[in-house]
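Accompanying notes for the structure given below.
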4 protein chains.
Amino acid sequence: MEIMKPKDEKKLDAVVAATCRLAAERGLFGLTLTEIAKAAGIGTSTLYVYFADKEALFNEVFRRAKHEAVDFYGSDVDPTAPLKAQARQVWNKMIDHRLQRYDQVSFMEQFVGSSFMNEESRSYSARISGGLTQIFIEGQEAEILKAVPVPFLASLVVGSVRETARLIRAQSILDTEESRTTAFQLCWDGIRA
Amino acid sequence: MEIMKPKDEKKLDAVVAATCRLAAERGLFGLTLTEIAKAAGIGTSTLYVYFADKEALFNEVFRRAKHEAVDFYGSDVDPTAPLKAQARQVWNKMIDHRLQRYDQVSFMEQFVGSSFMNEESRSYSARISGGLTQIFIEGQEAEILKAVPVPFLASLVVGSVRETARLIRAQSILDTEESRTTAFQLCWDGIRA
Amino acid sequence: MEIMKPKDEKKLDAVVAATCRLAAERGLFGLTLTEIAKAAGIGTSTLYVYFADKEALFNEVFRRAKHEAVDFYGSDVDPTAPLKAQARQVWNKMIDHRLQRYDQVSFMEQFVGSSFMNEESRSYSARISGGLTQIFIEGQEAEILKAVPVPFLASLVVGSVRETARLIRAQSILDTEESRTTAFQLCWDGIRA
Amino acid sequence: MEIMKPKDEKKLDAVVAATCRLAAERGLFGLTLTEIAKAAGIGTSTLYVYFADKEALFNEVFRRAKHEAVDFYGSDVDPTAPLKAQARQVWNKMIDHRLQRYDQVSFMEQFVGSSFMNEESRSYSARISGGLTQIFIEGQEAEILKAVPVPFLASLVVGSVRETARLIRAQSILDTEESRTTAFQLCWDGIRA
DNA sequence: TATGAATGAGCCTTCATTCAT
DNA sequence: TATGAATGAAGGCTCATTCAT
């Protein structure tokens with residue numbers, strides 16, 4: 001019921017992109033279907049050819065944004081590199097994702113916990129962040145990282161990434177190699193043994 | 001014109017509390033005056049005895065939440081304690097605030113940057129977070145904390161607090177002294193020199 | 001049921017005056033009871049001590065305005081004067097009334113035919129314009145005025161008065177003896193035999 | 001932005017007609033969109049397909065009523081006829097318009113000066129009443145009409161028309177050739193030299 | 001009597017959704 | 001498939017009226 005006829009993938013993409021962009025610019029609520037359709041260059045009622053209703057549209061956008069996020073992280077980190085370097089690669093990718101896919105991230109953060117979220121999206125949201133966990137476990141086994149439950153480590157990294165990306169977007173700091181190295185070093189010092 | 005007749009403080013409090021609770025539970029956006037009034041136990045039109053309109057209501061709720069936050073942080077940290085202990089005290093208070101005033105924090109995070117925010121709220125939002133900066137500066141002068149721009153330090157702490165509180169609320173970790181000490185230690189190791 | 005307790009005539013007068021003034025300034029519709037009460041210097045709910053409801057208030061204001069109009073015309077014209085002079089006196093009084101009691105006239109014109117008008121006011125509106133008819137009859141008997149049904153004569157006079165007063169208020173013409181004489185002469189030439 | 005999508009001219013006409021009729025019957029003020037829509041046989045929200053808001057609706061109705069008035073007076077008077085005959089023709093047309101387009105005239109009289117009137121309508125209202133002025137000037141040059149400022153002449157005619165039409169509508173007099181001739185004669189005697 | 005506070009009813013307006021083509 | 005037109009449902013807000021003092 002969620003998505004009906006994925007015939008014209010072009011239009012679907014336009015809708016998804018428009019929705020994310022508008023959500024980032026003006027907020028997910030009260031984004032109207034008229035606005036979305038106009039931004040996507042189609043008629044309002046055409047949306048109903050692709051989506052059962054507004055909730056289905058949002059959930060599909062969420063599914064795609066999540067999917068693209070996974071793709072974004074897809075290119076695995078170099079397993080032969082030192083663990084800190086691997087961690088830095090992942091950290092970098094997380095920052096890049098928040099910056100380069102800002103619209104989608106913005107949409108997702110507004111969407112999560114909203115009343116639009118259906119059960120499928122809720123469960124879909126649970127998994128993710130695979131690569132990070134793997135590094136944590138390896139790092140703990142090698143006694144490079146602190147021997148604390150993984151959520152503690154993950155929290156610091158996620159918090160670091162989120163706040164650092166926010167600083168960059170707010171232009172409170174510049175997005176230079178130096179800045180990133182500094183920010184990452186704080187994060188790394190926090191989780192290393 | 002923001003708030004009109006603060007005669008019955010009881011009702012006003014009920015409205016503010018209901019608004020924060022509903023914002024935390026179902027999201028700030030899409031929240032209707034009917035819902036708020038019902039939750040506060042008054043008629044919908046009675047809201048207009050206290051507030052000029054929906055925007056004024058939200059801004060007043062924000063003002064109160066901010067005010068309570070300031071009160072919450074009010075009791076200063078012990079300036080004679082070692083810096084790490086002082087930092088821990090602030091970190092603890094931030095966690096406590098996010099847990100004990102969850103509704104209000106949730107409301108504020110959703111409200112900030114929303115189209116409901118008026119100019120007064122915007123300026124009101126600027127000040128805050130005084131205690132933390134002071135500790136950072138002292139810590140850097142004493143060469144206890146890393147000699148990096150303050151925003152880097154602040155980001156790690158804020159990210160740590162936010163994510164740790166989230167873990168506790170999600171019951172991914174228990175809110176014990178041990179858990180807090182662990183989480184804080186990661187944060188501290190990140191910012192210390 | 002119309003009027004309840006005419007105890008405090010002062011307040012009642014204030015309400016009537018305020019209603020007429022506001023009706024003239026901003027229109028009879030959507031004049032609110034709150035505005036009227038404020039302009040009259042009393043509390044909104046106090047209006048209900050004097051009037052059963054809004055409709056009753058308006059009808060009472062109408063009754064009073066009508067009554068004052070009758071009083072205004074009260075001082076009879078000089079029956080010994082030539083008929084044209086008598087007609088001029090009445091015509092003058094009608095102009096004066098429209099200018100000096102503009103608020104009341106404005107209220108009445110807006111009120112007549114409105115959905116507020118109850119049956120009593122409707123019948124009350126029928127009588128009036130006594131003095132004019134008397135002159136017409138006398139004038140026709142003396143073969144000074146045209147021998148046409150009185151309504152034709154009355155129409156021209158009423159139309160003349162209304163439009164002349166409008167010109168004066170719009171400052172399209174000055175309210176001088178000369179202007180009035182000119183305007184009246186047209187009217188008189190129309191009705192005289 | 002005044003009128004949005006004049007696609008279904010039938011519906012638009014129904015709305016305009018219904019609005020005028022209701023304004024004439026129950027007054028322009030207090031008229032609700034629900035009433036108008038119901039009288040026009042459409043859903044309330046459908047009104048917003050054709051008009052931006054209530055004010056736009058009223059202004060469009062005014063524009064159309066004014067336009068139809070111009071059309072009504074369109075067929076010029078016979079310039080070869082004697083001046084009195086020309087005047088009679090115009091006077092007749094004015095009466096006819098007030099009788100045959102009563103709803104529209106009633107709407108316009110209530111609308112003019114109301115808070116609904118926008119700038120466009122205000123300017124639109126300025127022109128009109130061209131033919132009458134022309135006759136006055138010619139008549140004065142030919143020394144057929146009184147040598148007084150035109151507004152005095154116009155006032156008597158307008159007043160005559162208005163009151164005569166009112167008499168006819170109230171069935172105080174019959175709308176016969178004789179009646180009209182009588183009423184016009186009074187008017188003519190008033191303005192002629 | 002006088003009034004501030006409270007509210008139900010109803011208005012204007014928006015918008016997700018359906019209908020007709 | 002695609003869409004302009006239509007609309008029911010609901011939201012924010014106003015206001016005449018009532019309540020409690």
Side-chain angles (χ1 to χ4, degrees), chain A residues 4-5 7-8 11 29-38 40-58 116, chain B residues 4-8 10-12 29-37 40-58, chain C residues 4-5 7-8 11 29-38 41-58 116, chain D residues 4-8 10-12 29-37 40-57:
Chain A
M4 309 204 81
K5 302 193 177 180
K7 274 289 173 61
D8 194 337
K11 267 180 191 132
F29 317 85
L31 211 52
T32 70
L33 292 183
T34 302
E35 286 175 312
I36 293 172
K38 192 176 297 176
I42 63 175
T44 307
S45 46
T46 307
L47 289 174
Y48 286 85
V49 176
Y50 295 91
F51 308 99
D53 55 19
K54 195 185 190 185
E55 185 185 320
L57 188 156
F58 279 174
F116 290 114
Chain B
M4 312 208 80
K5 303 185 180 180
K7 276 295 168 57
D8 194 336
K10 282 269 180 49
K11 260 175 199 134
L12 227 166
F29 307 93
L31 207 54
T32 71
L33 293 181
T34 304
E35 287 175 313
I36 293 172
I42 62 175
T44 306
S45 52
T46 307
L47 289 174
Y48 288 86
V49 175
Y50 295 90
F51 307 99
D53 54 19
K54 197 186 189 185
E55 184 184 321
L57 188 158
F58 280 173
Chain C
M4 308 204 82
K5 304 193 177 181
K7 273 290 174 59
D8 194 337
K11 265 178 193 135
F29 318 84
L31 211 53
T32 70
L33 293 182
T34 302
E35 286 175 311
I36 293 173
K38 192 176 297 176
I42 62 176
T44 306
S45 46
T46 307
L47 289 174
Y48 287 84
V49 174
Y50 294 91
F51 307 99
D53 54 21
K54 196 185 190 185
E55 185 184 320
L57 187 156
F58 279 173
F116 290 115
Chain D
M4 310 208 81
K5 303 185 180 181
K7 275 295 166 55
D8 193 338
K10 282 269 180 51
K11 260 175 200 134
L12 227 166
F29 306 93
L31 208 54
T32 71
L33 294 181
T34 303
E35 286 174 313
I36 293 172
I42 62 176
T44 306
S45 51
T46 307
L47 290 174
Y48 287 84
V49 175
Y50 295 89
F51 307 100
D53 54 19
K54 196 186 190 184
E55 185 184 320
L57 188 158

Between F/dC13 (C1') and B/Phe58 (CZ): distance, integer Å | 15 Å
Atom pair distance, as rounded to whole Å: CZ in C/Phe29 and P in F/dC15 | 15 Å
Do B/Tyr50 and B/Leu57 come within less than 4.5 Å of each other through their side chains, counting heavy atoms only?
-> no
How long is the span from the CD1 atom in B/Ile42 to the NZ atom in B/Lys10, to the nearest 0.5 Å?
-> 14.5 Å
For B/Lys10 and E/dA6, what is the distance between atoms NZ and C1' respectively, to the nearest whole Å?
-> 17 Å
Indicate whether OP1 or OP2 belonging to E/dT1 is found under 4.0 Å from a side-chain N or O atom of C/Tyr50.
-> no
Rounded to the nearest 0.5 Å, how far apart are OG1 of A/Thr32 and NZ of A/Lys38?
-> 8.0 Å
Which is true for D/Ile42 with a 4.0 Å heavy-atom rule: it touches a base, it touches only sugar-phosphate, or it touches nothing?
-> sugar-phosphate
Taking every heavy atom of A/Thr44 against every heavy atom of A/Thr34, the minimum-distance pair comes out as OG1-CA, 3.9 Å
Dot-bracket notation for DNA chain E, counting Watson-Crick and G-U pairs under 3.5 Å, with | for partners on another strand | .||||||||||||||||||||
List for me each residue that meets side chain to side chain donor-acceptor pair (under 3.5 Å) alongside D/Ser45, sequence neighbours excluded, and say none if there are none.
-> none
Let me know the distance between CZ of C/Phe51 and P of E/dT1, rounded to the nearest Å.
-> 14 Å
Rounded to the nearest 0.5 Å, what's the gap from CZ on C/Phe51 to CZ on C/Phe58? Could you check?
-> 10.5 Å
Between the CG atom in D/Asp53 and the CG atom in D/Leu47, the distance rounded to the nearest 0.5 Å is 11.0 Å
Separation between NZ of A/Lys54 and CD1 of A/Ile36, rounded to the nearest 0.5 Å | 6.5 Å
Given atom CD1 of D/Ile36 and atom C1' of E/dC11, what is their separation to the nearest angstrom?
-> 12 Å
Please state how far atom CG in B/Leu47 lies from atom P in E/dG8, giving the value in whole angstrom units.
-> 12 Å
Most 5' of D/Gly41 and A/Gly43 on DNA chain F, judged by nearest nucleotide = A/Gly43
Could you encode protein contacts along nucleotides 12-17 of chain E as a string, one character per nucleotide from 5' to 3', using B for base contact, S for sugar-phosphate-only contact and - for no contact, with a heavy-atom cut-off of under 4.0 Å?
-> SBBBSB
Short side-chain N/O contact from D/Lys11 to OP1 or OP2 of F/dA5, under 4.0 Å = no
